[in-house]
Protein chains: 2
Amino acid sequence: MSSADTRPRRRADAERSIARIVSAARDCLSRDPDATVDDIAKAASVGRMTVYGHFRTRPELVEAALAEALRAGEQTLAGVDLGGDARQAMSRLLASSWSLVAESAALLSAAQRVLPEGRLRELHTGAADRVELLIVRGQSDGVFRTDLPVTWLVNAVQYVLHGAAEEIRLGRLDAAAASGIVTATVQSILAVPDPVGQVRSGT
Amino acid sequence: MSSADTRPRRRADAERSIARIVSAARDCLSRDPDATVDDIAKAASVGRMTVYGHFRTRPELVEAALAEALRAGEQTLAGVDLGGDARQAMSRLLASSWSLVAESAALLSAAQRVLPEGRLRELHTGAADRVELLIVRGQSDGVFRTDLPVTWLVNAVQYVLHGAAEEIRLGRLDAAAASGIVTATVQSILAVPDPVGQVRSGT
DNA sequence: AATAACTCGTATCCTCTTGTACGACTTACA
DNA sequence: TGTAAGTCGTACAAGAGGATACGAGTTATT
């Protein structure tokens, strides 16, 4: 009873239904944090009652969707080599997972409104924390800026990713080019600011 | 009949009520895009019916709130010297209006869901457009990067401002220090990337 | 094949929010 | 000071969404 077989008996098709529902929930909630249970059911090609058969309340469903997204995020994160130059590591990280992180961020804001305060931090620990560690390492290696709070840097990156996802949804940003653009933007945010050209150099 | 006295007769206290309601709407909607008419009324220390006395529907109220926020934004913008070095101009702009711009952005997303498609662009023209012009000028002056689409840069700045406002709301960012942090972050996003330290320089 | 598990439609209840109607009270303003 | 304008509470209709109950049909598993 470590993590699998939460319940002793469950039929295979039920398992499949649950998977479809959670997946649909991720899709719907990422697009619209206010997605209805009925919307999600329809997206999963499943009756609304089936959803309630597996998730007692809507918040419970939202939490399940978020948990799965975070799990997927952590798995992807685990597959990325975070060693070597912190900047390159960050680029690798973004290249392989930025859209996923962005999606999780949208889900996160969806969950923020229906889950109790502490529950979020509880679930979210580890995902963003590992990004923070990478940034901190980059700082102590002297390749990332130290003039701004780490908390801010982490969140600023989050917001940029979220924004990029939104821009794509609105058709204002090419999905194919997004990865490069996001990476360039994030690198600029994290890089040690150039003391010469920043605000000085009037005339 | 240029812009004032839209209607010939209105009592002074009604004018005051309207001002209070619109102001409350800005506050509430900036914090929660789904704020109820009742919430707004309570925040304005006014009966819900009074609100409906001045605004037929909730969307109408949202539009009024947005319009006023944009008006305030444009006024502030007009008072800022956008000449000289584009970077310095941007810093001046952010120093005097970043929180206001951030608030407008939140309101904008609130309005996005209740106003018809075209109405938004119609109202919003001018506010963000002037920022875009400044960025473009900075680009042609060679002090802002040109390797990323202008649309993206404008929106990335928007998202960062929005994020900063959110961080303050959540108590994760000191309001006093925010201005400097925001400015530094935006400057980094817009600055011409350093070709040396960006991704190269492995070992 | 038998059975327990699962699916899923319908009907129902509850709550919240928007918007309207009415009417009494208060206040600005001429 | 009289009157129109404005305030605002209560009540009400309508619609949406969450959640429960019930029950008949379907399917996986033994």
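Just so it is clear: chains get the letters A, B, ... in the order the sequence lines come, proteins before strands, and each one is counted from 1. Computed from a prediction, not measured in an experiment: that's the story for all the values here.
- Taking 4.0 angstrom as the limit, A:H54 places none of its side-chain polar atoms (N or O) nearer than this to OP1 or OP2 of C:dC6.
- Rounded to an integer number of Å, the gap from B:Y52 OH to D:dC8 P is 16 Å.
- Going from atom CE of A:M49 over to atom P of C:dA11 covers 13 Å, rounded to whole Å.
- Inter-residue side-chain proximity for B:V182 and B:L161 is flagged as met; some heavy-atom pair is nearer than 4.5 Å.
- Of the candidate nucleotides D:dC8, D:dA19, C:dG19, C:dG19 has the atom lying nearest to any side-chain atom of B:R58.
- Shown are A:I40, A:T50, A:V22, A:V62; of these, the side chain to side chain contact (heavy atoms under 4.5 Å, CB included) with A:F55 is made only by A:V22.
- Rounded to whole Å, atom P of D:dA19 lies 11 Å from atom CD1 of A:I40.
- When only modelled atom types and interatomic distance are considered, A:S188 and B:R145 share a side-chain donor-acceptor pair under 3.5 Å.
- Look at A:D27 and A:R31 and you find no salt bridge, because none of the NZ, NE, NH1 or NH2 atoms lies under 4.0 Å from a carboxylate O.
- When rounded to the nearest whole Å, the span between CZ of A:R56 and P of D:dA19 equals 12 Å.
- Here the C1' atom of nucleotide D:dG18 and the CZ atom of A:R48 are 7 Å apart, to the nearest Å.
- Nucleotide C:dT17 holds its P atom 14 Å from the CG atom of B:L29, rounded to whole Å.
- Nucleotide C:dT7 holds its P atom 11 Å from the CD atom of A:E15, rounded to whole Å.
- Contact annotation: A:S17 reaches the phosphate of C:dT7 (side-chain N/O to OP1 or OP2, under 4.0 Å).
- Toward the 5' end of DNA chain C, the nearer of the two residues B:R16 and B:P59, judged by each one's closest nucleotide, is B:P59.
- When the C1' atom of D:dG18 is taken as reference, atom CD of A:E60 falls 14 Å away, rounded to whole Å.
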